[in-house]
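Here is the structure we will look at.
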Amino acid sequence: MDIIKVPVNQAKQGINQCFIGKEPWQIVSITASSVLLVSWFYGFIFNNDESLVERGKKKFFSLMKMVPSIKNELEKKKKEVVEAFDNDQWERTKSLSYLRNLPPKGLKNEEIIQLVEENLNLGKYDWKDGHVSGAVYYFDPDLQQLLTKVFEKTFFTNPLHSDLFPGICKIETEVVRIAASLFHGDKNACGSLTTGGTESILMACKAWRDYMRKTKGITKPEMVVPRTVHSAFDKAAQYFCIKVIYVPVDPYTYKVDLKLMERAITKNTVMLAGSAPNFPYGTMDDIEAISALGLKYKIPVHVDSCLGGFLTVFMEDAGYNLPLHDFRLPGVSSISADTHKYGYTPKGSSVVLYREKKYRHCQYTVTTDWPGGVYGSPTVNGSRAGANITTCWATLLHFGSEGYVQLTKNIIRTAKYIESELRKIEDIFIFGEPVTSVIAFGSRKFEIYRLATEMDKLGWNMNTLQFPSGVHFAVTHVHTKPGVADRFLKDVRTIVAKLMEKPEKPVEGGLALYGAAQLIPDRSVVGEFINYYIDAMYYLPDEDKQLKENGK
Ligand SMILES: *Cc1c(COP(=O)(O)O)cnc(C)c1O
Ligand SMILES: *C1O[C@H](CO)[C@@H](O)[C@H](O)[C@H]1NC(C)=O
Ligand SMILES: *[C@@H]1O[C@H](CO)[C@@H](O)[C@H](O)[C@H]1NC(C)=O
């Protein structure tokens, strides 16, 4: 006992000495502020989603931003960027004036249709002709006509009211079941139709967070995902307070590094994920190995097949081999797949699938004590558009499996052709091994964004990648038409040859900013710029500017 008493007494004396000559109010306020300081410090170190180094860096940069000269410089850059973004949208839309108020009298049908057409004609890319990477997956007037009819008959329906529209619920069930069967789910497999891949991923992340909380008591959830997963996982993490742990990909295969993935698993891990395939490189993680990790550590595994899902499931029948990536792997617990990409349905539909019903329960939201009644809904929305569910279903029925197999054949054949021809061009290289329709390439000789800029001038819209710089092209049905692939390849060859005349030249134009953004260590500045980019989607010109342009 004595051994302990001595230091306690010493501490007591030390503290008393500190407060000698202080008034009681001073003692109280010093005590209070030191408690606050210690608890802030404790929080800063322990109760946070980010590593200490990461936060230290952010703190440093946010302090730097308070230095007047740096602050001014940033403000100036910010203004330039906002103007550039707004101006882009202005240039694209300036030929039509923006409506600012309701028209006093309702418009005639023909007038409305004409307005729709005028708005649709804005935009410089000829997407029906196959000049755009991804984005528009199928275009066929016959299908369009069918869907218009279906839409007309269903646009007022809402599956939330299953008593009024049981047929819409049935149709949704059918879509989900068809998808579950394609991914080899057994009779327990189930899921939901959502309004897009992002929502499908959000739902799966919420389900796994809640499931692991319920069954394992995990209150500080973490997800372990490849660095290349879609940004929707980060969105889910932000919405649902899950910490994301990114696992790097192998620099040669561009598949997730499995050793690092295993090392990133902790007692708080609520899910693992893999992409089949991922968006940036079109490569597919080793889902079989991730599934095995999930089984070993009893952690759910989500497979993101949003992009390629409705290609991969038909590839076997189309004559291509692909590693397993669906419910045939016992560790795979959920899958997301976008019908509105290679399912060729109109925008606004995707499916999320679960191995068992008890998992889907954790996706639902139920409110038992609302004065409006006991309320439950399966996905993000309350009311949902029955028409979109029905057009999605009608599209699946329109093609049938033979139709999908044929489309898949054409797309994969075209993609493989483009890939093999690109590999022959010396001054560029392909990232990893593309498994479906996305081919990503870069260059060690010249800045690859220059190629994107030049291709853009010829009307080819490509996706740009960062860390490292690259571009990708997603082959869709519109590119399988005769001559399109060869035109694309010819343009790439010509441009590469031209760029190699002066390989050291820097990027110019809009992509220069994009490239430079990779070098900004403070990612919050980049984040802020993206906010302005999104703002520009909601761009509304000054009334004066508009008057000058259109005189209306
Ligand atoms: C497109 C995509 C998503 C998200 O889909 P949205 O429908 O755009 O919300 C998710 N994952 C991958 C791999 C994708 O390509
Ligand atoms: C439902 O939610 C999605 C976002 O997940 C949104 O895009 C959609 O417009 C919403 N509304 C309806 C009626 O489905
Ligand atoms: C329904 O589909 C239409 C047509 O694709 C789309 O414009 C709309 O946003 C969709 N609505 C929802 C709620 O997803």
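When a ligand or atom number is given, it counts from 1 through the structure's own listing order. Heavy atoms only: backbone and side chains are in, while hydrogens, waters and symmetry mates are out. Fair warning: this is a prediction, and the values are worked out from it, not measured in the lab.
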Please answer whether the main-chain N or O of L260 pairs with a side-chain N or O of D257 as donor and acceptor at a distance below 3.5 Å. yes
Which ligand 1 atoms are under 4.0 Å away from a heavy-atom of K341? 1 (C), 2 (C), 3 (C), 4 (C), 5 (O), 14 (C), 15 (O)
Which of the numbered atoms in ligand 1 are below 4.0 angstrom from a heavy atom of G196? 7 (O)
Examine R360 relative to Y354 and say whether NZ or CZ is less than 6.0 Å from the centre of the six-membered ring and inside a 45° cone about the ring axis. no
Determine whether a donor-acceptor pair (N or O, by modelled atom type, separation under 3.5 Å) exists between the side chain of R355 and the backbone of V332. yes
Ligand 1 N/O within reach of G197 N/O, cut-off under 3.5 Å: yes
Just wondering, more than 12 heavy atoms not from E402 lying within 6.0 Å of its CD? no
May I ask whether K347 has any heavy atom positioned less than 4.0 angstrom from an atom of ligand 1? no
Do any nitrogen or oxygen atoms of H340 come within less than 3.5 Å of a nitrogen or oxygen of ligand 1? yes
Restricting to heavy atoms, the pick from T198, D304, V438, T228 nearest atom 9 (O) of ligand 1 would be T198
If we only consider heavy atoms of E199, is any one of them less than 4.0 Å away from an atom in ligand 1? no
Are the side chain of Y449 and the backbone of T464 linked by a donor-acceptor contact shorter than 3.5 Å? no
Would you call D210-K206 a salt bridge at under 4.0 Å N-O? yes
Logged contact type for V229 with ligand 1, heavy-atom cut-off 4.0 Å, is neither
